[in-house]
Structures are given as structure tokens and as C-alpha cells.
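Working notes, structure below.
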Amino acid sequence: MERQETKKAAQYEQCGPVLIIMPVQELDHCCAVQVRQEADEQIERGGALHLLFDFSGIHFMDSSGIGVIMGRYKKVIFQGGNIACCGVGAEIDRILTLSGLYRIMPRFGDRKEALAALGKKRMPGADIPSGN
Amino acid sequence: MEQIQGVVSIAGERQVLPEEKCRLFGAARGQRTKEQPAKGMENGVSLQFAAQSRNESFARMVAAAYAAQLNPTLEELADIKTAVSEAVTNAVIHGYGEGDGTICMRLGLSGHEVWIEVEDWGAGIADVLSAMEPMYTTRADMERSGMGFAFMEAFMDELEVYSQKNCGTLVCMKKKISQEDMGTRRACDGQ
Ligand SMILES: Nc1ncnc2c1ncn2[C@@H]1O[C@H](COP(=O)(O)OP(=O)(O)OP(=O)(O)O)[C@@H](O)[C@H]1O
Ligand SMILES: [Mg+2]
């Protein structure tokens, strides 16, 4: 039941200007601390402009996950970047809906759709002032 | 001695509990040992664990396993897991400031309701009513979003929060488990 310290909390994949973040462990406070650190390292290393959260690897997230997403959003928005999500199951959907996160992080069916949308200048449905 | 504050929230409506009720609660809290199961409940279980972040998943799994005896739906189980995770995380982060401490979780049943208490003997909350307001957080520096109590309220049927500055916090939550009917998938039906 205890998770191993060495195990990654999420998988990362750089896709052009987009960093895909796919949590693979229940996104609670314990895991959030790890994702935050890992993601920031990846953003710095790969110079990502946009972020795509792929939730297909998890069925649990609490308010700690909201904090991680908001934190990363604040990071990329200053460079004119956007965030999006895909692979959202029923459990994660309820959290994202209740927290109002879809307003800043539009949801797509799969990675392909999300990557295509992030490639465009303005995100459909996202109420984001374009950075300058 | 700081005053005990209590707030009850039912169906999204928050109400400050009268002083007598909080005093009564305070006295009961002083007398009660950490091990005693939730009062007036059947099949009480109580669990004490170190206030460490890695115990968050442990606590919510225990609560979910306990609730399974009422044959909840997958959604009800997810609600319980989230609410417990929020309460325990708050005790770890805010109650004990990620330092040493003990958290107690008590579980009980009353008919088709699960009763869950999460208690800490940490920092306490200065203003419980404000703390329960969505988006209210004292730790924005830690990337907290202030949604913990809002989730507990949304996912449980009843929430009571008692706190006393420098003494600790007790969160009590109740969740009604729906009766079995045809067509609703139950958690124990398997994935
Ligand atoms: N057990 C506790 N002990 C002391 N203070 C607490 C406790 N639980 C909550 N609080 C206080 O209440 C505030 C609101 O709690 P809530 O869970 O709603 O938000 P948060 O923990 O700050 O953020 P989030 O839960 O979204 O990560 C906290 O910021 C903290 O000041
Ligand atoms: Mg919280």
C-alpha cells in the first residue's frame, strides 16, 4: 500500500512545444509534491510552452491535484502558453467540474485532439488572454 | 484558553454551532481517549497513525474498505475517499505543519450511514467559518487551492468542524449510502 520513494509519480513526454504530463499514481498531497518538482524540471529542461495533462492513468485526485494544475498554469501563462487535459474519467471529471478548472483547462477526448488544439493560437472554450 | 468553534454544514448550508454545544463537545473531547470509537455508532473502528503524507492513501483506503460493508456505488466510494483524503491532508499540512503528530480516524455505522471522524491535536483553526469558504486558504505559498472543505461538503451529506486554536481540530462527516436497486453498479460488483 505504501508507495516506493523511487517510483515516478507521473510520466512525461515532450511533443514539440507541448509537455504531456500523465500522472500514474493517485494525485493526492503526497504525490502532488513529487509531480510539482518533476514537472518543473521537465518544463525547464524541455522549454515547454504548453502543458497537456493526460489523466488516463489515474482514477483519483483531490484538492492537492488542483493546486498542482493551478501552479503549473501560472507558470506557462506568463509566456503565452496554455494548458489542456485529456483522458478524463468519471472520478477526475467530478473534481475538475466542481473546482471550475475546465475554465482554464479545456478537456479533449484524446492526446491527438488536445495537441492539435494547443497548436492553434487560441484555445476553444478557454477564456485566456493571449500573452504578449 | 481559546474558544472552541463549531460549524455544521448540511446540503451546502453552513451554520455556526451555539456555544453550549461547542462547550459540551469540548468537555467530551477532553474526556474521550483517542481510541474510543465514534459515539453511538455500530461496529466502531478507530485508527491512529502518524501525521505523514504517505498515510493519506492508507487512510482513504481504510475508509473505503470499511464503507464497502454497506455495498456502496463506485461513486459513493469515490466521494468517501476524496473527503477522507482532504481531512487527513489538512491535519498533516495545517494541523501539524508537516511536523510530527498523531491523527486519529474513527469510523462508525448508523443504519445506512457511514460516520467518519478525523481528529488532530495540532494548530487548530482561527476562524472555522471563513476556513470552510471555498477558495479560502492560509497556505497559497504551498500551492493549496482552498478547496478541501468545499469537497468534503460536496461529497458528504453532513459535515461538522470543531476547532480550538492551539488544541486541534475534529472533522466529522456523514455519508448516506443509497439502498441497493436494480441498475446501479455497486463497487463490489467488480470493475
Ligand atoms: N486540521 C486543520 N488544522 C489547522 N488548520 C486547518 C485544518 N484544516 C483546515 N485548516 C485551515 O483551513 C483552511 C482551509 O482548508 P481547505 O482544506 O479548505 O483548503 P486548503 O487546505 O488550504 O487547500 P486545499 O485543500 O485545496 O489544498 C486551510 O488553509 C487552513 O488554514
Ligand atoms: Mg485542504
Side-chain angles (χ1 to χ4, degrees), chain A residues 1-7 9 21 23-40 43 51 53 55 58-77 83 88-105, chain B residues 12 49-65 73-98 103 134-137 139-156 185 187 191:
Chain A
M1 220 171 260
E2 218 168 290
R3 48 176 85 88
Q4 276 146 14
E5 230 66 73
T6 48
K7 200 179 161 203
I21 302 171
V24 290
Q25 289 182 38
E26 298 197 326
L27 196 42
D28 61 7
H29 162 235
C30 190
C31 184
V33 173
Q34 224 179 317
V35 173
R36 178 168 58 191
Q37 199 187 338
E38 290 170 7
D40 285 353
I43 293 169
L51 302 178
F53 289 90
F55 291 110
I58 54 165
H59 297 282
F60 180 87
M61 177 169 101
D62 64 17
S63 67
S64 309
I66 309 293
V68 170
I69 296 166
M70 293 287 294
R72 294 327 105 220
Y73 172 69
K74 284 178 190 157
K75 257 192 136 146
V76 297
I77 185 111
I83 63 171
V88 180
E91 298 89 348
I92 307 292
D93 179 56
R94 298 181 65 208
I95 298 289
L96 294 179
T97 302
L98 251 176
S99 62
L101 265 192
Y102 284 138
R103 283 196 292 270
I104 58 164
M105 180 175 70
Chain B
F49 50 93
Q52 287 187 23
S53 171
R54 58 184 155 171
N55 285 331
E56 291 153 10
S57 64
F58 173 70
R60 62 177 181 264
M61 277 188 236
V62 169
T73 63
L74 285 170
E75 191 173 292
E76 286 161 349
L77 219 48
D79 291 349
I80 290 170
K81 280 175 73 178
T82 309
V84 167
S85 197
E86 295 298 347
V88 171
T89 301
N90 279 353
V92 171
I93 299 179
H94 307 296
Y96 295 114
E98 297 193 273
I103 296 171
M135 321 274 279
Y136 177 95
T137 181
R139 296 309 301 268
D141 58 313
M142 279 182 72
E143 292 194 344
R144 307 313 304 183
S145 56
M147 290 302 289
F149 280 128
F151 285 167
M152 289 183 243
E153 266 183 349
F155 293 142
M156 304 298 272
R185 203 153 73 116
Q191 301 275 353

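Chain letters run A, B, ... following the sequence lines, proteins first, then strands; residues in each count from 1. As the structure is a prediction and not an experimental result, all values here were calculated from the model. Just so you know, these numbers use all the heavy atoms, side chains as well, and skip hydrogens, waters and symmetry mates.
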query = Can you tell me how far the CZ atom of B/F151 sits from the CD1 atom of A/I95, to the nearest 0.5 Å?
reply =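 Spacing of CZ (B/F151) from CD1 (A/I95) equals 4.5 Å.
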
Next item on the list: Check whether any side-chain heavy atom of B/S57 sits under 4.5 Å from a side-chain heavy atom of A/F60, and report yes or no.
Entry: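 Result no, sub-4.5 Å side-chain heavy-atom pair not found.
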
With a 4.5 Å heavy-atom cut-off, do B/E98 and A/H29 have their side chains touching? yes

Tested for side chain to side chain contact (heavy atoms under 4.5 Å, CB included) against B/E143, the lone hit among A/R72, A/M70, A/K74 is A/R72

Non-hydrogen atoms of chain A under 4.5 Å away: do they reach the side chain of B/S85, the backbone, both or neither?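 For B/S85, the contact with chain A is made by backbone and side chain together.
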
- Checking side-chain contact (heavy atoms from CB on, under 4.5 Å) for the pair A/S64/B/T89: CA distance, chi angles, key distance, verdict? CA-CA 9 Å; A/S64 309; B/T89 301; 4.2 Å; yes

Closest non-hydrogen atoms of B/M142 and A/R36, given as atom of the first, atom of the second and distance, are O-NH1, 3.3 Å

**Message:** If you compare all heavy atoms of A/S63 against all heavy atoms of B/S145, which two are closest, and at what distance to 0.1 Å?
**Reply:**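 Result for this residue pair: O-OG, 3.6 Å.
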
TODO: Check for a donor-acceptor pair, side chain of B/E56 on one end and backbone N or O of A/D28 on the other, with a separation under 3.5 Å.
DONE: no

With a 3.5 Å distance limit and no angle check, can you tell me whether B/E86 reaches the backbone of A/D62 through a side-chain donor-acceptor pair? no

Highest number of heavy-atom pairs under 4.5 Å with chain A among B/M147, B/Q52, B/R144 belongs to B/R144

Checklist line | Test: A/E91 and B/K81 ion pair at under 4.0 Å | finding: no

